[in-house]
Trainee: 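Shown below is the structure under consideration.
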Amino acid sequence: MKSERQSRDPGKGGGSTRSAAPSKGSGKGSAKAQPKPQAKAQSKPQAKAQPKPQAKAQSKPQAKATGKGSHDAVRIVFLGGLGEIGRNCACIEVNGRILVLDVGIMFPDPDMPGVDLVLPDFTYLRENADRVDGIILTHGHEDHTGGLAYLLRDFSAPIFGSELTLALARNRVDEAGMADRAQFIPVRDGERRRIGPCDVEFIPVTHSVPHAFATAFHTPQGIILHSGDFKIDLHPVDGRRTDLARMGALASDPGIRLLLIDSTNAEEPGFTESESSVGATLEKVFLARPDRRFIVTCFASHIHRVQQVADAAIAGGRSVATLGRSMQKNVALARRLGLLHIPDQSLVDIEDIDDLDPGRVCVISTGSQGEPMSALSRLASGENRFFRLQENDVVVISAHPIPGNEWSVGRVIDSLHRRGVEVIHSGVDTVHVSGHAKQGELAMLMSVTSPEFLIPVHGEYRHMANQVRLAGSMGIAGDRVLLCEDGDTVRLDGAGLHRDGTVPGGYLFVDGSSVGDIGHGVLRDRMVLAEEGVVMAVATVDLKRGEVVGTPQIVTRGWAYDHDTESLLDEARAQVTKALEQALSSGSNDHETLNRVARKALGRLVGDRTRQRPMIVPVIVTV
């Protein structure tokens, strides 16, 4: 692929062509396109940030490309991230070519037993692999990069992102054995680069992982601005602020045609606190407990948080040790890239901390989400092989549970308290702040960018619905706003922004090495097994003589009926025998019929007697 670096000045860049790599790996998914509700117009906009015409946006003069015809239309295809936290993935289609924006994963919900990860449905990308010119990663979190190794099984494409983002993504790609299929191309803050059919500009934003980007796509239909995950932090740890000035300049000339905006905190009023405020809290917490050992857990990718924990620990004369493979790898990576500054003399090996005075130790650990096999969970259960918690220890959980992880985190906190340690979390002190913008910052971005159209992205449906309401209060309402879901496609052309059908946008489940082989039917069976158990009837049938041989065996797992269970099982044997004999006497001798009558007889008896619905599994052996 030909790729050119350019300055911010508009200019011509070389195009990009390439042949798709041969398809690899599983291509099956369990996706269904769901009907999508229409975004409702806000009839009474309030508190406008600046005057806005209320007529249809296509009459708005600021976007120079609005005069283009439908043959220059740009399509946006949403494959994930709209209606859930995670699986962020979208496609920008210009002149028949495709740019993929993020390839994320989602962690499974409680009703997905046995599932390790959830991916976007890649059907659309596989079917159009020859049209993909590049993959753009906005930042290094796994809900934006974690699916890359799975996508590379099907085809390869150049991957663009900041140096840190690519390094974090490369770890997973290397672990999956896909390194030979990945071409990583780093980009800098403010860089404008020709990728395939259009220029892409990488605009710095502040988030909870360093070097995140908003992306501006310079298309024939004007600029499409994707905010990425962002907040407006005036005092960031590394001094790298969200570049509102550049976004405002683009809004002035040539104008922003479409804004795709982060909706995670659209329900939350006000402004998100600065990341620097956590550092001040940590210093206070450390100073108040000078003689006690600290274990601080946070996301391994939150390099700024790790920096502040290390700063507070070193200021109190403590040495720092890392615990957990991803924490150790990311700390080493960030130090190598110059993004994390911890003196060599302040680092100690985790195996040596028991030799140090407790007041001279701070352990930075993984496990902030209560993952069962994480370092913190093993500490809480007393199974960590490096050291054991003592009653005088202090554990700081410097993270907020991802939706769905609340129970896991609460269980770990309970276990920590049972060991007599003090636990400090965001409900006790300000040891965590969000990396996402709240309503005040979202409204500010809308005001600065003054978009012609807006689509909420990145959030559960309620978050996106609140984003629509917020946009209405800023004068962006009616047919200027679309509320979309996974699988939706939209078209931007000279006449405006329109819905343009759907593509497969369901869940692709990963279970061990199996990708896409698990469907909703399998999950339903697993839920029944988990909640009700299983009752099996094993019977031997002589087809020639037309009779049941011996007495059927009733085997149960995960199911119990306390009231006279043995007599119920005896009755079950009799009912199964009777049902099979009746079927055989009527001339039925195929497995399907015999299985069906045995299942029906056993299921009716168990349901009538116990009011329970375990899974019924007949096993018919013929002789």
Side-chain angles (χ1 to χ4, degrees), residues 29-31 79-89 102-122 137-151 168-169 171-173 175-176 207-209 229 262-265 297-302 324-327 330 365-378 397-413 432 434-436 457-463 486 505-520 522-523 526-527 530:
S30 55
L79 299 181
L82 277 64
E84 68 264 324
I85 301 296
R87 296 197 322 131
N88 295 285
C89 187
D102 288 330
V103 189
I105 61 171
M106 183 178 78
F107 294 106
D109 294 332
D111 60 352
M112 301 176 185
V115 173
D116 299 319
L117 300 171
V118 185
L119 300 170
D121 189 326
F122 294 139
L137 304 179
T138 58
H139 65 280
H141 281 153
E142 289 202 332
D143 61 333
H144 293 257
T145 68
L148 189 59
Y150 298 95
L151 183 61
L168 292 172
N171 288 337
R172 294 293 187 186
V173 171
E175 289 173 2
H207 186 44
S208 52
V209 61
D229 291 13
D262 176 11
S263 305
T264 310
N265 278 346
T297 180
C298 64
F299 286 107
S301 61
H302 204 332
R325 185 179 63 168
S326 60
M327 182 65 72
N330 287 358
S365 171
T366 57
S368 63
Q369 297 304 301
E371 305 94 320
M373 303 303 291
S374 68
L376 185 64
S377 292
R378 287 183 174 275
I397 301 177
S398 188
H400 193 72
I402 294 172
N405 288 353
E406 293 88 353
W407 181 86
S408 298
V409 174
R411 181 191 59 188
V412 171
I413 292 175
H432 174 71
S434 175
H436 295 271
V457 297
H458 197 291
E460 296 176 357
Y461 194 85
R462 60 193 174 93
H463 301 144
D486 297 340
Y507 289 176
L508 194 67
F509 300 110
V510 178
D511 183 0
S513 60
S514 171
V515 180
D517 295 326
I518 297 174
H520 291 286
V522 173
L523 290 183
R526 289 181 177 182
M527 289 299 294

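Just so you know, these numbers use all the heavy atoms, side chains as well, and skip hydrogens, waters and symmetry mates.
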Trainee: Hey, does Phe509 have a side-chain heavy atom less than 4.5 Å from the side chain of Leu117?
Mentor: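 With C-beta onward as the side chain, the pair stays apart.
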Trainee: Rounded to the nearest 0.5 Å, how far does CD of Glu460 lie from CD of Glu84?
Mentor: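 If I round to the nearest 0.5 Å, the distance is 9.0 Å.
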Trainee: Taking atom SG of Cys89 and atom CG of Asp121, what is their separation to the nearest 0.5 Å?
Mentor: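 One finds 10.0 Å between SG of Cys89 and CG of Asp121.
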Trainee: Please round to the nearest 0.5 Å and tell me the distance separating atom CD1 of Ile397 and atom CD1 of Ile413.
Mentor: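 Rounded to the nearest 0.5 Å, the CD1-CD1 separation comes out at 4.0 Å.
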Trainee: What are the two closest non-hydrogen atoms of Leu148 and Ala169, and how far apart are they?
Mentor: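 Heavy-atom minimum between the residues: CD2-CB, 4.2 Å.
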Trainee: Could you pull out the closest heavy-atom pair between Ser408 and Gly370, with the gap in Å?
Mentor: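 Closest pair (atom of Ser408, atom of Gly370, distance): CB-O, 3.7 Å.
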Trainee: Does the side chain of Ser368 come within less than 4.5 Å of Phe299's, by heavy atoms?
Mentor: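 A side-chain contact under 4.5 Å exists here.
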Trainee: Find out whether Ser434 and Asn265 are in side-chain contact, i.e. whether some heavy atom of one side chain is under 4.5 Å from a heavy atom of the other.
Mentor: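 Side chain of Ser434 against side chain of Asn265, heavy atoms only: contact under 4.5 Å found.
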Trainee: Working to the nearest 0.5 angstrom, can you tell me the gap between Arg172 CZ and Tyr150 OH?
Mentor: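 Nearest 0.5 Å value for the CZ-OH distance: 8.5 Å.
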Trainee: When you measure from the side chain of Asn88 to the backbone of Asp143, do you find a donor-acceptor pair of N or O atoms at a distance under 3.5 Å?
Mentor: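 Present.
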Trainee: Can you tell me how far apart CG (Leu168) and OG (Ser301) are? Round to the nearest 0.5 Å.
Mentor: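 If I round to the nearest 0.5 Å, the distance is 7.0 Å.
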Trainee: Where the side chain of Ser263 meets the backbone of His463, is there a donor-acceptor pair that is under 3.5 Å apart?
Mentor: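 Not a single qualifying donor-acceptor pair exists.
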Trainee: Got Val412 and Trp407 here, is their nearest side-chain heavy-atom distance under 4.5 Å?
Mentor: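 The answer is no, as the side chains (C-beta and beyond) never meet within the 4.5 Å cut-off.
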Trainee: Quick one: are Pro120 and Met106 in side-chain contact, heavy atoms under 4.5 Å?
Mentor: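 Not in contact.
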Trainee: Sequence neighbours left out, what passes ring pair (Phe, Tyr, Trp, His ring centres under 6.0 Å) with His436? Give chain and number order.
Mentor: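 Partners of His436 under the ring pair (Phe, Tyr, Trp, His ring centres under 6.0 Å) test: His207, His458.
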Trainee: Please check: side-chain N/O of His302 versus main-chain N/O of Ser208, any donor-acceptor pairing under 3.5 Å?
Mentor: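 Yes, because the side chain of His302 sits within donor-acceptor range (under 3.5 Å) of the backbone of Ser208.
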Trainee: What closest approach, in Å, do Ser377 and Pro372 show between heavy atoms, and which atom pair accounts for it?
Mentor: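 Minimum heavy-atom contact is CB-O, 3.5 Å.
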Trainee: Please check if atom CZ in Arg411 has more than 12 non-hydrogen atoms from other residues, nucleotides or ligands closer than 6.0 Å.
Mentor: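 Counting other residues, nucleotides and ligands, CZ of Arg411 exceeds 12 neighbours.
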Trainee: What's the spacing between Thr366 OG1 and Asn330 CG if we round to 0.5 Å?
Mentor: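 Reported to 0.5 Å precision, the distance equals 10.0 Å.
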Trainee: Taking the side chain as C-beta and beyond, is there a heavy-atom pair between Arg87 and Leu79 under 4.5 Å?
Mentor: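 No, every pair of side-chain atoms sits at 4.5 Å or beyond.
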Trainee: Are Thr145 and Asp102 close enough that a side-chain donor and a side-chain acceptor fall under 3.5 Å?
Mentor: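 No pair is found: no donor N or O on one side chain lies under 3.5 Å from an acceptor on the other.
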Trainee: Is any side-chain heavy atom of Gln369 closer than 4.5 Å to one of Pro401?
Mentor: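 Side chain of Pro401 against side chain of Gln369, heavy atoms only: contact under 4.5 Å found.
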Trainee: Could you go through Phe107 and Val118, starting from their C-alpha distance and side-chain angles, then the distance that decides it, and tell me whether this counts as side-chain contact (heavy atoms from CB on, under 4.5 Å)?
Mentor: CA-CA 6 Å; Phe107 294 106; Val118 185; over 6 Å; no
Trainee: Evaluate the side-chain proximity of Val103 to Leu119: yes if any heavy-atom separation is below 4.5 Å, no if none is.
Mentor: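 In short, these two side chains do not touch, never coming nearer than 4.5 Å.
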